[in-house]
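Below is one structure, written out as structure tokens, with a few remarks after it.
So you know, we letter chains A, B, ... as the sequences are listed, proteins then strands, and number each from 1.
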Amino acid sequence: MAAVDLSDERLRQGVGPRAVVGLLVDRVRAGELGMVPVVAGLVVIWAVLQALNPIFLSSTNLVNLTMECVPVGIVALGIVCVLLIGQIDLSVGSISGLAAAITAILFVNEQWPVWAAVLAAVAAGCAIGVLYAQIYNRVGIPSFVITLAGLLSFLGLQLKALGTSGSVNLPYDSALVRFAQLSFVPAWLSYLLVLGAAAGLFLVGYLYARKRRTADLPARSLRFLVIRSAVLVIGLGFAVWYLNRSRGVGWMFVLLVALALALHYALTSTKWGKSLYAVGGNVEAARRAGINVRLVYVSAFAFCTTLAAIGGVLGAARLAAANQSSGGGDVNLNAIAAAVIGGTSLFGGRGTAFAAVLGILVIQSISSGLTLLSLDSSYRFFVTGVVLLLAVGVDSLARRSRASHGR
Amino acid sequence: MAILRLQGISKNFGAVAALTDVDLEVDAGQVVAIVGDNGAGKSTLVKVLSGVHSPDGGRIAFEGREVTIPGPAAAHRLGIATVFQDLALCENLNVIENLFLGQELSPFRLDDVAMEVRSWELLRQLSAKLPAVRLPVAALSGGQRQTVAIARSLLGDPKIIILDEPTAALGVAQTAEVLNLIDRLRENGHGVVMISHNMSDVRAVADQVVVLRLGRNSGVFDARTTSSEEIVAAITGAGDNAVTQRAARSETVDRSGMAGGAW
Ligand SMILES: Nc1ncnc2c1ncn2[C@@H]1O[C@H](COP(=O)(O)OP(=O)(O)OP(=O)(O)O)[C@@H](O)[C@H]1O
Ligand SMILES: [Mg+2]
């Protein structure tokens, strides 16, 4: 890259939509793909599955799909955080299973109020994360090993807690089960939320652009902001309308989106978020910059295991039961795969909150589509594995291209 | 009065005594150059001052008070800013994020705009040649990274600025800019500690030259009145060594050449 003058970027930004498109093409060529491959992959997967079975894109199935995404999607949000700092948590499945068991036992067997049972399960999840981080900070065992030990131990604890019957049913009329199975956003409110989201996006963008302009920095044009919000209204509005032809948008799905937005804000606009990226990029540099690295580890692990517990509770609520296979099987692998498919790097320092949501949409689409074709889980595992490999392959190629383009 | 005074600082890495009984004094408005051979302990001394390593012995006084520097954050709080030899930047973060790392404005709602404005100010002050500030540091050249690291040390108005080989990778113009900056820092009453292998840079800006040799003080010189030869002698250990031998050899060649002419 030639040594260009300071004003270079300003010059390139100031020249209308043609330049914007040009810049975009430049970036794709240089391997800054961002979300493009996942979204493209999702479109392809949906097209194929729809061709194989026309029920796939029906409103009813898509409503189911959105609901199925939530428990593992929430777990994947946590995984993004530990991957960002260059660590891994292999035990999220066991933790979510344990949280499901704790909730069910306290709520059904011990007759605790439902909120207290959920709170206890989530607190247990949080405590596990703090424990992991303490072991990592004080003893220095790699997180891979610590959480592998956690995977086994907490699975054991879950089986022990559930006892010989191995299963506890949650009553269908409890608030928890109703939330996970039956509560949907009323149609009028869902459209209102869409409008609110678009207005909010516009307002935030407008205020930010104004602030940049007063500071004499290049800013996005009003036209761009209006078009962006219009596209959002049309896109989201259509999706909501389509879902509303069946049962509509589940509150649980709204919860996933809200958590993803909150995490996105925390990662991009707070000191904590920047310190996660810094620790993932160069621990020693982060330490010398005065960041409390140990605290960053504690917060990231605790955040991950807390979300794993919440995901587990919601999973049990959807099933209306906690049993020995809660959190077992593919929860672990799907959560990690979702984060990675969405473009989170396993080596730390790169990834976004939306990655997890897009990734889990891909995985659940495959799962739902293959179930509709009445293929058993062997196919599902196989196809998900191939998609994971493809996603990471595209990302690696993009990275290589980025290196050769000097980015 | 000295802002910073080190007395009898020692630091061991296992069997290696990297620093033994080192003294150092820096006044406000003074530029102290630390010179010494590779492995003399210069960077180790810097890391002790910036809280990266804790010393095994000795005392540190800052503005007359005895202090301990248990970590990098403590050094920042005291007002000691450091540019490390290996720069310590996060390659995945962009220039602005690196400049403000650990010192972000309004931690719960980062003030992007103010940080970007301040970044341009700092970089312009150093005549930085950067294509953009929103580029990840991985995309910058060695010299550009060094400029970013120097700019970072100027944030938050520190009292002492430590530069570990700040001009090693810089171009001619940027080197001059950094030397100008050091002059300006002195005029503004900052204390500056500069490490360099470049004698002409040292003589251009330093008031005092502290020589380290094998982890020990090997002399303190007034930069205005001492010749480069004396400093080199202190660095290498006076007497028999490669540098003096080389100088002696070229002298004999000179003399024999002249003698030949006279005959
Ligand atoms: N982290 C460490 N662990 C073990 N030994 C170390 C460590 N850091 C430095 N040393 C040793 O301490 C001695 C001094 O090293 P230091 O980096 O301070 O040298 P320096 O004067 O900065 O050299 P240079 O001019 O090459 O930068 C060397 O012998 C080195 O091997
Ligand atoms: Mg050094």
Side-chain angles (χ1 to χ4, degrees), chain A residues 1-13 30 32 84 86 207-219 265-266 268-275 277-294 345 347-351 399 402-403 405-407, chain B residues 47 50-52 71-77 81-82 84 86-94 96-114 116-120 123-124 127-141 143-144 149 152 156 171:
Chain A
M1 188 177 301
V4 221
D5 199 64
L6 279 180
S7 51
D8 178 68
E9 184 173 67
R10 293 153 185 232
L11 285 176
R12 283 177 64 183
Q13 283 207 342
E32 301 241 309
L84 273 184
L207 291 178
Y208 184 61
R210 198 174 63 176
K211 198 169 164 196
R212 285 183 70 88
R213 238 172 255 124
T214 21
D216 240 354
L217 294 169
Y265 177 85
T268 54
S269 303
T270 71
K271 188 171 176 163
W272 177 74
K274 296 293 175 199
S275 66
Y277 285 98
V279 168
N282 185 343
V283 194
E284 185 54 24
R287 193 168 94 82
R288 291 195 200 162
I291 290 173
N292 187 340
V293 175
R294 289 173 166 231
S345 165
F347 304 105
R350 223 158 48 81
R399 196 129 34 104
R402 186 158 56 223
H405 279 72
R407 275 167 189 260
Chain B
K47 286 178 185 164
S50 56
V52 175
H76 286 178
R77 269 196 303 278
T82 309
F84 293 97
D86 57 4
L87 304 183
L89 299 171
C90 290
E91 298 208 343
N92 58 331
L93 297 182
N94 68 30
I96 306 176
E97 289 164 338
N98 265 292
L99 286 177
F100 283 88
L101 192 59
Q103 317 174 51
E104 290 90 347
L105 305 180
S106 55
F108 293 103
R109 196 163 170 274
L110 296 185
D111 193 345
D112 248 22
V113 176
E116 187 164 344
V117 170
R118 185 87 180 96
S119 301
W120 283 116
L123 293 169
R124 219 167 271 138
S127 306
K129 290 269 183 285
L130 290 182
V133 285
R134 293 193 173 274
L135 221 54
V137 163
L140 301 183
S141 76
Q144 289 170 334
R152 181 163 83 180

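Taken to the nearest 0.5 Å, the CD1 atom of B/Ile96 stands 11.0 Å off from the CG atom of B/Leu135. Note: B/Leu110 CG to B/Phe100 CZ = 10.5 Å, rounded to the nearest 0.5 Å. Rounding to the nearest 0.5 angstrom, the gap separating the CH2 atom in A/Trp272 from the CD1 atom in A/Ile291 is 13.0 Å. Taken from NZ in B/Lys129 to CG in B/Leu140, the straight-line distance is 14.5 Å, to the nearest 0.5 Å.
The most heavy-atom pairs under 4.5 Å with chain A, out of B/Asp86, B/Thr82, B/Leu105, come from B/Asp86. The candidate with the highest count of non-hydrogen atom pairs below 4.5 Å against chain A, out of B/Ser141, B/Pro107, B/Ser50, is B/Pro107. Heavy-atom pairs under 4.5 Å with chain B were tallied for A/Gly273, A/Gly290, A/Ser269; the largest tally goes to A/Ser269. Note: A/Asn282 leads A/Thr268, A/Val283, A/Asn282, A/Thr214 in heavy-atom pairs under 4.5 Å with chain B.
When heavy atoms are compared at a cutoff of 4.5 Å, B/Glu97 approaches chain A solely by way of its side chain, counted from C-beta outward. Neither the backbone nor the side chain of B/Asn98 comes within less than 4.5 Å of any heavy atom in chain A. Heavy atoms of B/Leu101 lying under 4.5 Å from chain A belong to its backbone as well as its side chain.
Atom OH of A/Tyr265 has more than 12 heavy atoms from other residues, nucleotides or ligands within 6.0 Å.
Taking 4.5 Å as the limit, every side-chain heavy atom of B/Asp112 sits out of range of all side-chain heavy atoms of A/Lys211.
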